[in-house]
Amino acid sequence: MTHIMRYMKRFPLVQTRMTKLFAIICHPKVQLHTYLKPPKANQALKKYLNSNCITEALLFFRELMRKSPSTIDSFSFLFVLKACTQKHSATGGKQLHTLIIKFGFEPIIYLQTSLINMYSARGNLFDAHCVFDEITCKNIVCWTALISAYVDNQNPRKALKLVWQMQMDNLEPDNVTLTVALSACADIGALEMGEWIHAYVRRKEGLHIDLSLNNSLINMYAKCGDIVAARRLFDGMKKKDVTTWTSMIVGHALHGQAEEALKLFSKMRGINKNSRKHKRHGDCGSSLIVPNDVTFIGVLMACSHAGIVEEGKQHFKSMSEDYGLKPRESHFGCMVDLFCRAGLLNEAYEFILEMPFKPNAVVWRTLLGACTLKGNVEVATEVQGRLLELDPGYAGDYVAMSNIYASKGMWDQKIVVRHHIKQRRSPGCSLIEVGTEINEFVAADEDHPLRSEICTVLKHLLINMKSFGWSFHRSYCWCFSR
DNA sequence: CTAGGGTTAG
């Protein structure tokens, strides 16, 4: 054994080849790290990660665990955790957590933050929060990790509460925390909170305002109904990237301003052509902006909301032909929506059947909704059959069907469908105040179980009303009940 | 060698 060790010491180049052999002869407890020091093993892990070879990274780690556990240090876990977060395997993460405890690396804050991220990616907020609670000296980074965990898992209210709690803990939010918080505001249409954050951003000295923060601001204003403020910010930004452009295009599309959205899209492509020209002349190559698949969602949404079918079709084709982007399920969903809104029910139906995906309930429901509007019983019956297979418990589909039958005077069928609705949701009542300007609203009942749903409905209502150029100047009180 | 962030159909 000593001979081999000496040999390897003298000729480091043969080291890698020898390691395998060596590992087999040796008991794992032998101090291998003299020959394969942690930084080397970690660099290998990092290399796998950077080249997107996630499975290989995990396998490499497993080999290390088996053959030379002593080469593993706390940094190794950081890389492996990252790999594990990207790969959504169910048990791997928990096993890693156990190993971290076994190795005694539990109190290292870098690892704890990574663990929060890992649990969040699996939708396991309970364990994410547990890890957070165990951190003795909490810093801004682990707070932000937890906040973004709640945003990513559709609990923006809790996220905003945590931002508040963090400040109570004498920690000032930085640009990353604020970016996440703005995203939470956008989710619930909390314009007031968003504006407060914007004011904070401008007031706070030494705060680094970067692209992500600006993009998040644009998105917040657009989603909260103030498209003018969003556009003002967009026009004022010197540095823009795909996300900036995409956010603005989606914003206009949501507000029904299809023309503006499509104008922006062609302007964006114009920049592309110009900078390619510049690149040929040898300067200004860095500002190249290539639309991605999300950009096309915005473009298709714009076409759909404006009812321009032909242009929508063209963009859908151009997506894969000119940009090499493979349309995802949601792009096909946009196209179905495009046909439905234009009243082309048969075209929508055929499109769904030709999709390379198994159509989901949402897609069929879009078509069913259009059938309700058009009073098309034939297509609706067909669609309902599909929905019964996919999601039989959804009461809304029965309601839609019953409405279609009612509109055609087919009362017998209506009663049959109505009977299928077994559990009705309990009726609720909420009061919503709309102030002098229609870009803010408050749900009066703070603890109402449907509060967040009502706010979402209102948010969309508000966006739609604005797109029709409606505005209110008196104070309004609406009462919803069901 | 080290942890957190922005855009996504209905």
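In what follows, chains are A, B, ... by sequence order, proteins preceding strands, each numbered from 1.
Judged by distance alone, the side chains of A:Asp241 and A:Thr244 do bring a donor and an acceptor atom under 3.5 Å apart. A:Asp174 and A:Thr177 form a side-chain donor-acceptor contact under 3.5 Å, judged by distance and modelled atom types alone. The closest side-chain donor-acceptor pair between A:Gln257 and A:His252 falls under 3.5 angstrom. Side-chain atoms of A:Gln384 and A:Asp397 include no donor-acceptor pair closer than 3.5 Å.
Going from atom CG of A:Leu81 over to atom P of B:dA3 covers 11 Å, rounded to whole Å. Between the CG atom of A:Leu217 and the P atom of B:dT7 there is a distance of 12 Å, given to the nearest Å. Regarding A:Met355, its CE atom lies at a distance of 11 Å from the C1' atom of B:dA9, rounded to whole Å. Atom pair A:Met335:CE and B:dA9:C1' shows a separation of 12 Å (rounding to whole Å applied). What separates NE2 of A:His129 from C1' of B:dG4 is a distance of 16 Å, to the nearest Å. At whole-Å resolution of the value, CG in A:Leu64 and P in B:dC1 are 19 Å apart. Rounding to whole angstrom units, CG of residue A:Asp210 and C1' of B:dT7 are separated by 15 Å. The nearest whole Å value for the distance from the CG atom in A:Asp187 to the C1' atom in B:dT7 is 12 Å.
Although no hydrogens or angles enter the test, the distance criterion places no donor-acceptor pair under 3.5 Å between the side chain of A:Asn117 and the main chain of A:Ser120. The backbone N or O of A:Asp293 lies less than 3.5 Å from a partner atom in the side chain of A:His331, making a donor-acceptor pair.
Nucleic acid contact class of A:Asn214 (heavy atoms, under 4.0 Å, all strands): none. Nucleic acid contact for A:Leu178: none, since no nucleic acid atom lies under 4.0 Å from a heavy atom of the residue. Nucleic acid contact class of A:Thr177 (heavy atoms, under 4.0 Å, all strands): base. Within the 4.0 angstrom heavy-atom criterion, base atoms lie near A:Asn360. At a threshold of 4.0 angstrom between heavy atoms, the contacts of A:His208 with the nucleic acid are absent. Within the nucleic acid shown, A:Leu213 comes within 4.0 Å of at least one base atom, counting heavy atoms only.
Taking the side chain of A:Cys334 as heavy atoms from C-beta on, and the options B:dA9, B:dG5, B:dC1, the nearest nucleotide is B:dA9. Nearest to the side chain of A:Asn139, among B:dG4, B:dA3, B:dA9, sits B:dA3. For A:Val294, whose side chain is taken as the heavy atoms from C-beta onward, the closest listed nucleotide among B:dT8, B:dC1, B:dG5 is B:dT8. Nearest to the side chain of A:Asp337, among B:dA9, B:dT7, B:dG4, sits B:dA9. In this structure, of B:dT8, B:dG5, B:dG4, it is B:dG5 that holds the atom nearest to the side chain of A:Thr179. Side-chain proximity of A:Val180 to the nucleotides B:dG5, B:dA3, B:dA9 is greatest for B:dG5. Closest to the A:Phe79 side chain, of the nucleotides B:dC1, B:dA9, B:dT7, is B:dC1. The nucleotide whose nearest atom lies closest to any side-chain atom of A:Ser183 is, among B:dT2, B:dG5, B:dT7, B:dT7. Among the nucleotides B:dT7, B:dG5, B:dA9, the one closest to any side-chain atom of A:Val363 is B:dA9. Between B:dT8, B:dC1, B:dT7, one nucleotide has an atom nearer to the side chain of A:Ser247 than all others, and that is B:dT7.
Residues from residues 99-118 of chain A placing a heavy atom under 4.0 Å of any atom in DNA chain B, listed by number, are A:Ile109, A:Tyr110, A:Thr113, A:Ser114, A:Asn117.
Taking side-chain N and O atoms only, A:Ser74 has no distance below 4.0 Å to OP1 or OP2 of B:dA3. Using a 4.0 Å cut-off, no side-chain N or O of A:Lys82 falls inside it from OP1 or OP2 of B:dC1.
For A:Lys138 and A:Asp169, the salt-bridge test fails: no basic side-chain N is under 4.0 Å from an acidic carboxylate O. Taking a cutoff of 4.0 Å between a charged side-chain nitrogen and a carboxylate oxygen, A:Lys47 and A:Glu56 do not qualify as a salt bridge.
A heavy-atom distance below 4.5 Å is found between the side chains of A:Met268 and A:Thr295.
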